[in-house]
Amino acid sequence: MIYAIDTETTGLQPYKKDKILCTAVWSEARQFVCDGVNDEVRTILGDPTNTVFMHNAKFDWRFFNQVGVTVNAKIICTMALARLMKSDLHSLSLANLGALIGHAKDDSVKKYLDKNKHYVMEIPTGKKQKRKNYDFSKVPREILHPYALQDTKVTYELGLHEHKILEEISNNTPPNLPNVKDVVINENKLTRVLFKMEHEGVKINHDYVEHQRRKEVFNYMTAVKKIENLTGVRPFSDSRFYYAPAFKKAGVPVPTTDKGNPTFAKSVLEPLKTPLSEAILAYRKAYKRANTYYQSYIDLVGNDGLIHCNFRQAGAYHGRMSCSDPNLQNVPKESVDAEDLEDAALIRRCFIPKRDLFAMLDYDQMEYRLMLDYAREMEMIEQVKSGVDVHTAAAELMRVDRFTAKVINFMLLYGGGAGKLAETLGISLNDAKDLKRLFFAKLPNVKQFFNNATRTAETRGYIFNWLGRRVYIPKDKPYVAANSLIAGGCADIMKVAMVRVDALLDDFESKMCLNVHDEIVLDMVRGEENVLPLVRKIMVDAYPHKYLPMSVGIDVSYTSWSDKKPYEHDTA
DNA sequence: GAACAACGCACC
DNA sequence: AAACGGTGCGTTGTTC
């Protein structure tokens, strides 16, 4: 039987304070809303023969888990499938997707809360901007229940609609080509894998976080005083209107943004090396570390001392995931001198294993390898297979230094042009054009691959990646097609691998706890390290290469997400 | 006063 | 001929 289920909750934090208010269920045969969760809901979710549509399924799942509901039913996240159905949607909210199939937004709950002012405007600790915190528990049942039921109705119809569209795409695909069906199967399995991984969470070293936060607050306050002394103007504000007069007085030319505003970005300030520019950079660095990183971990850690971040399965339009609350995919990777190692203030040291150790497995030069395999660039492939690093190989091929080759390599992956190349390398536009020509002359198959992808995007409007994911390419930016094939292709390799790694680890105590695009982190018990080569094999085999296989490196740490060392029992 | 744009910066 | 890709999250500034 097919159902759609939706919960209404007191808020967004099941691991801290929030509870289920009601659960709504919709099927052909029966529709109802109950307070909290009742036995009928438990029975539906406990039955493995049932299929249940949920919009942003992992959110509701967390609350079911909180009250001990066993979820055996096949869970289908209509938000994740929406990305497969139509990759270029800006918003995957139920309201937005419902509008596609003719359901107007039901904003009765929000209207009620606004009208009756059931919210508090507060400035969170360490922040400057006010936030609106709604109190959903104040919504009367007469308003909340019909609202929840309406959402399940829309979710139900959306789920059926998505399946119809995806089946059409699948049926219209020639049998010898990758089929979106395989992507659908994997994404549906992945929803459960991600739920398990998020529930595992990552342990936080609370004392360390708090200590570091205080240190960074002191650092940025010191920088503020310094800036005010240098400019003679207070109060300080990290704004172009504050900076412009000071730099004008010093006779420093200030570049502008695309919109014509003066910019004081890092790339502008860094070369100046004046006391003021350095104080501003110090302020920004410390402020960001104190708030975006340390403070957010304190705010978001659960009562269990773990961070349960949200892996957005449908995060990026080309198939990559993203991460929020907090975003653990952009935690700084700082390099320090060997002498400073002991007392270096590394943000990744906030994260410590809740069992015995972390294992970090990451694909080597994943995107570049996929590009070479797609392009059948055999000369380069042979070099890489013999162990030469891709930037060194490119440097030798073009007879330039490794840094130049690296810049060109990245620019290529991102579809960049000669202008940006010139800017990054600090060379003339003509020299940059020559370099680009040289690159494509040496890698003719890569050039062919890029041209083919771009032409396909121009004529057809979308591309299929190796697994069968369809990605729409904006009409005015066909040059991003190759990047979408590569980045999204890598994402699907990782997503396939994660589903298989999760299955493998069912027989072990060690579990996955993080994903950072081309890296997964396992929280492991001592004694299970022997599973690591098996995990690596799964990751390598996830991509059925034609010419160049994937390659995976393994690091371990018994102390934190930082301070890692190569895993050595596995010399191939 | 709140929503929206623009900017800046961390990661892959 | 030329076009750097994708995120999340914080601030300041503008607008209605």
Side-chain angles (χ1 to χ4, degrees), chain A residues 87 114 119 121 123-124 126-132 236-243 256-270 280-281 283-285 287-293 295-296 299-300 309-312 314-334 347-348 362-363 365-368 371 407-425 429 432-433 436-437 450 453-454 457-458 471 473-474 476-488 490-491 494 514-519:
Chain A
S87 68
D114 279 329
Y119 57 81
M121 297 293 297
I123 300 176
K127 307 262 193 306
K128 294 186 174 175
Q129 208 171 48
K130 277 186 189 167
R131 277 183 203 174
K132 204 174 195 174
F236 162 77
S237 166
D238 186 10
S239 150
R240 63 177 190 269
F241 295 102
Y242 184 87
Y243 299 134
T256 55
T257 62
D258 292 343
K259 303 281 175 199
N261 298 319
T263 172
F264 298 92
K266 198 178 182 180
S267 56
V268 176
L269 296 179
E270 212 150 44
I280 295 167
L281 290 173
Y283 166 82
R284 288 196 188 144
K285 185 175 180 186
Y287 193 87
K288 180 154 185 137
R289 291 167 71 93
N291 290 296
T292 307
Y293 298 106
Q295 181 66 53
S296 81
D299 294 342
L300 293 164
C309 64
N310 173 27
F311 287 99
R312 299 184 178 178
Y317 83 101
H318 54 29
R320 259 199 192 178
M321 295 194 286
S322 66
C323 179
S324 69
D325 309 290
N327 181 0
L328 295 187
Q329 291 184 330
N330 73 348
V331 183
K333 276 179 110 168
E334 302 116 309
I347 296 187
R348 292 197 178 207
D362 70 304
Y363 286 98
Q365 296 134 1
M366 188 183 201
E367 298 199 332
Y368 210 87
M371 181 193 76
V407 171
I408 298 175
N409 276 348
F410 274 110
M411 195 131 303
L412 176 79
L413 286 173
Y414 297 150
K420 275 285 170 191
L421 187 61
E423 197 184 307
T424 314
L425 286 173
L429 188 61
K433 284 179 178 168
K436 211 178 161 186
R437 265 196 288 274
F450 269 73
T454 308
E458 273 166 348
V471 180
I473 306 297
D476 56 333
K477 288 164 82 181
Y479 61 90
V480 305
N483 178 261
S484 295
L485 268 174
I486 296 165
C490 286
M494 180 54 98
L514 282 176
N515 162 269
V516 189
H517 308 303
D518 62 355
E519 170 187 6

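Just so it is clear: chains get the letters A, B, ... in the order the sequence lines come, proteins before strands, and each one is counted from 1. All of these numbers come straight from a predicted model, not from anything done at the bench.
- Every residue meeting the salt bridge (charged side-chain N to carboxylate O under 4.0 Å, His left out) condition with K132(A), not counting sequence neighbours, appears here in chain and number order: D114(A).
- Nucleic acid contact class of D238(A) (heavy atoms, under 4.0 Å, all strands): sugar-phosphate only.
- Stem analysis of DNA chain C (Watson-Crick or G-U pairs, both distances under 3.5 Å, runs of at least three) returns B:1-12 with C:5-16.
- Contact annotation for Y317(A): backbone-only contact, meaning every heavy-atom pair under 4.0 Å involves sugar-phosphate atoms and none involves a base.
- Under the ring-ring contact (aromatic ring centres under 6.0 Å, His included) criterion, F450(A) pairs with no residue at all, not counting sequence neighbours.
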Tabulated below should be each protein N or O lying under 3.5 Å from an N or O of nucleotides 14-16 of chain C; please produce it.
none

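- Taking the salt bridge (charged side-chain N to carboxylate O under 4.0 Å, His left out) definition, one finds that R348(A) meets it with nothing, sequence neighbours left out.
- Within residues 478-488 of chain A, the residues that have a heavy atom under 4.0 Å from DNA chain C are, in order of number, Y479(A), V480(A), N483(A).
- Judged as a ring-ring contact (aromatic ring centres under 6.0 Å, His included), and not counting sequence neighbours, the contacts of Y243(A) are F264(A).
- Partners of Y283(A) by ring-ring contact (aromatic ring centres under 6.0 Å, His included), not counting sequence neighbours, listed by chain and number: Y220(A), F236(A), Y287(A).
- Legend: residues meeting side chain to side chain contact (heavy atoms under 4.5 Å, CB included) with E334(A), ordered by chain and number and at least two apart, are R289(A), P332(A), L346(A), I347(A).
- Scanning for ring-ring contact (aromatic ring centres under 6.0 Å, His included) contacts around F241(A) gives an empty result, with sequence neighbours left out.
- Every side chain to side chain contact (heavy atoms under 4.5 Å, CB included) that T263(A) has, sequence neighbours left out, goes to P255(A), T257(A), A265(A), V268(A).
- Scored by the side chain to side chain contact (heavy atoms under 4.5 Å, CB included) test, A418(A) finds L429(A), A432(A), K433(A) as partners (sequence neighbours excluded).
- Among the nucleotides dT12(C), dG10(C), dA6(B), the one closest to any side-chain atom of K128(A) is dT12(C).
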